Amino acid sequence: MTTDLPETGITPGGTTGAFRDVLSKDHARRGKPPVHFVDMTPEERIAKAAELGLPKFRVKQLANHYYGHFDVNAQDFTDFPAARRAEAAEAFFPELIHEVTRQVADEGMTIKTLWRLFDGSHIESVLMRYPTRTTLCISSQVGCGMGCPFCATGQLGLTRNMSTGEILEQVRVAARMMRDGEVAGGPGRLSNIVFMGMGEPMGNYRSVISAVRQISAMPPEGFGISARNITVSTVGVVPGIRKLIDEGIPVRLAVSLHAPSDELRDELVPMNRRFDTTQVLDAAHDYYLASKRRVSIEYALMRGINDQAEHARLLAKRLNHYGDDWVHVNPIPLNPIEGSRWTASDPEDERRFLKILHAAGITATLRDTRGQDIDGACGQLAAKTKESFRSV
């Protein structure tokens, strides 16, 4: 069994070995986010309440407001002593993310939000409403250190890991927006969470797993979104996948493979120089065996790079090596980033790629490119702060 990931969240190989995290110029910002209610253990919450002279049962009331009602506005805590509301909110619910701009696409069904964090950093989340579900794509790091050349987020470098509170606040706000009818289609419920926003979730393992547990626990311990409706993605940080197996939480694992061979993947996904395709697929298959949940294979199709028939045939061969029906492949039409030489595949090549996978008995679905016109699609999140952003 692999050893624990380091406290910093920097992936193995970040300081030694064939791969090193790509750090932004703002890496090693000083200070940590304020400690939030969700960052505390139950015992720490009770101790904090005692410091304020509040009895133990007040902690459960605060939990009900946060997880059950998505509320941090102390003035709405009618079951709380009026004289203590502001003090309790300041101690337990410091503002961790502040909305800067909100962009809307797909006739109001897709909303991308730019958030400012306590240290001036920026992240993004994307809320997408479909006929049968509503999915929130959340960020887990400021920037990303994986350095994939075709991904806008990867070009930012890694600034820092996000706290559990910063991650969960994205979920709370989106759940409230759905409840209050702020998304086209009227009031509804946030049903799915994907850790596919900015950052490599396995590089911030501790905060991500804490967030997963609180997203999936029932109120007043969490938001009550089924773990089966949570997807955790990775570019192939094998120790993180191995740790996730041991957690026993039935989340879906998504592996951003993007290439069927080591030679090509070394170019597209630098982490492959640390954990190659065989190690990654071995770990992913072990996750399937342990969880009995099919693994998602994410595959960004790039014109003339990885989208030809030989690539599809090799991918099918590599996946079928482990047996039948253990993966679902999501070929993703590449969302080009400004100034990049990486471009989207021809529709004909996309169709041929899918046809080859299907003929090999592999379930595959071309990924929807929601939010592309607002740079909210896969690989486009870059937390730009442009005057042209339209607030709503």
Side-chain angles (χ1 to χ4, degrees), residues 105-106 109-110 126 128 130-133 135 137 148-152 192 194-196 229 231-236 252-269 272 277-278 280-282 284-285 287-288 293-337 340-373 376-380:
D106 304 314
M109 296 293 189
T110 300
V126 184
M128 297 161 284
Y130 300 91
T132 60
R133 71 187 188 280
T135 299
C137 178
C148 300
F150 56 88
C151 175
N192 294 67
V194 294
F195 284 82
M196 293 182 174
N229 291 344
T231 299
V232 177
S233 68
T234 179
V235 298
R252 183 177 297 279
L253 173 69
V255 176
S256 297
L257 195 66
H258 303 315
S261 68
D262 286 321
E263 181 180 11
L264 180 55
R265 196 167 190 263
D266 281 349
E267 178 184 359
L268 299 180
V269 183
N272 198 68
T277 54
T278 298
V280 171
L281 291 174
D282 282 351
H285 185 251
Y287 185 84
Y288 162 75
R293 301 213 62 196
R294 282 197 301 183
V295 174
S296 292
I297 299 295
E298 310 297 306
Y299 195 103
L301 292 168
M302 305 171 214
R303 183 181 302 173
I305 303 294
N306 68 349
D307 64 346
Q308 298 303 295
E310 60 264 30
H311 300 121
R313 285 191 288 267
L314 181 55
L315 177 62
K317 180 180 178 181
R318 297 293 305 275
L319 298 179
N320 279 336
H321 166 76
Y322 296 91
D324 296 332
D325 203 34
W326 73 279
V327 292
H328 184 120
V329 178
N330 286 314
I332 308 166
L334 182 71
N335 299 301
I337 57 177
S340 172
R341 69 182 179 90
W342 314 93
T343 58
S345 299
D346 292 328
E348 182 179 341
D349 289 335
E350 293 176 355
R351 289 190 291 269
R352 180 180 62 189
F353 199 94
L354 277 172
K355 185 177 180 180
I356 291 172
L357 293 180
H358 291 158
I362 294 173
T363 304
T365 308
L366 195 67
R367 171 71 69 81
D368 181 14
T369 54
R370 277 288 193 99
Q372 187 173 24
D373 56 331
C378 292
Q380 290 187 313

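Because only heavy atoms are used, hydrogens play no part in the values below, and waters and symmetry mates are left out as well, while side chains stay in. Keep in mind the model is a prediction, meaning the values are calculated, not measured.
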Applying side-chain contact (heavy atoms from CB on, under 4.5 Å) to I305 and L268, what does each step give before you reach the verdict?
CA-CA 10 Å; I305 303 294; L268 299 180; 4.1 Å; yes

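- Take F353 and apply the ring-ring contact (aromatic ring centres under 6.0 Å, His included) test, not counting sequence neighbours, and it matches Y299.
- A donor-acceptor pair under 3.5 Å is absent between the side-chain atoms of R294 and the main chain of Y288, judged by distance alone.
- Tested against Y130, the residues N192, T135, T110 include a single side chain to side chain contact (heavy atoms under 4.5 Å, CB included) partner, T135.
- Counting heavy atoms from C-beta on, the side chains of S256 and V269 never come closer than 4.5 Å.
- Judged by distance alone, with hydrogens and angles left aside, the side-chain atoms of N320 form no donor-acceptor pair with the main-chain N or O of K317 at under 3.5 Å.
- We find that R265 and D262 are not joined by a salt bridge, their nearest charged nitrogen and carboxylate oxygen being 4.0 Å or further apart.
- Within the 3.5 Å criterion, the main-chain N or O of A364 finds a donor-acceptor partner in the side chain of H358.
- Y322 and T278 get closest at one heavy-atom pair: OH-O, 3.9 Å.
- Within the 4.5 Å cutoff, the side chain of L264 has heavy atoms near those of the H311 side chain.
- Proximity of L253 to R293: side-chain heavy atoms (C-beta onward) are nowhere separated by under 4.5 Å.
- To the nearest 0.5 Å, atoms CD1 (I362) and CG (L354) are separated by 11.0 Å.
- One finds the CG atom of L257 at 11.0 Å from the OG1 atom of T234 (value rounded to the nearest 0.5 Å).
- H328 contributes no side-chain N or O that, together with a main-chain N or O of T363, makes up a donor-acceptor pair within less than 3.5 Å.
- L301 places none of its side-chain heavy atoms less than 4.5 Å from the side chain of D349.
- T365 places no side-chain N or O within 3.5 Å of a backbone atom of N330 that could act as its donor or acceptor partner.
- Looking at heavy atoms from C-beta onward, L319 lies in side-chain contact with L281 at the 4.5 angstrom threshold.
- No side-chain heavy atom of L334 sits under 4.5 Å from any side-chain heavy atom of S345.
- The closest side-chain heavy-atom distance from T231 to S296 is not below 4.5 Å.
- Between the side chain of H321 and the backbone N or O of R318, no donor-acceptor pair lies under 3.5 Å.
- One distance of note links CD of Q308 with CG of L314; it measures 13.5 Å at 0.5 Å rounding.
- In this structure, the side chain of D307 does not engage the main chain of E350 through any donor-acceptor pair within 3.5 Å.
- Aromatic ring orientation, H258 versus F150: perpendicular (interplanar angle above 60°, classes split at 30° and 60°).
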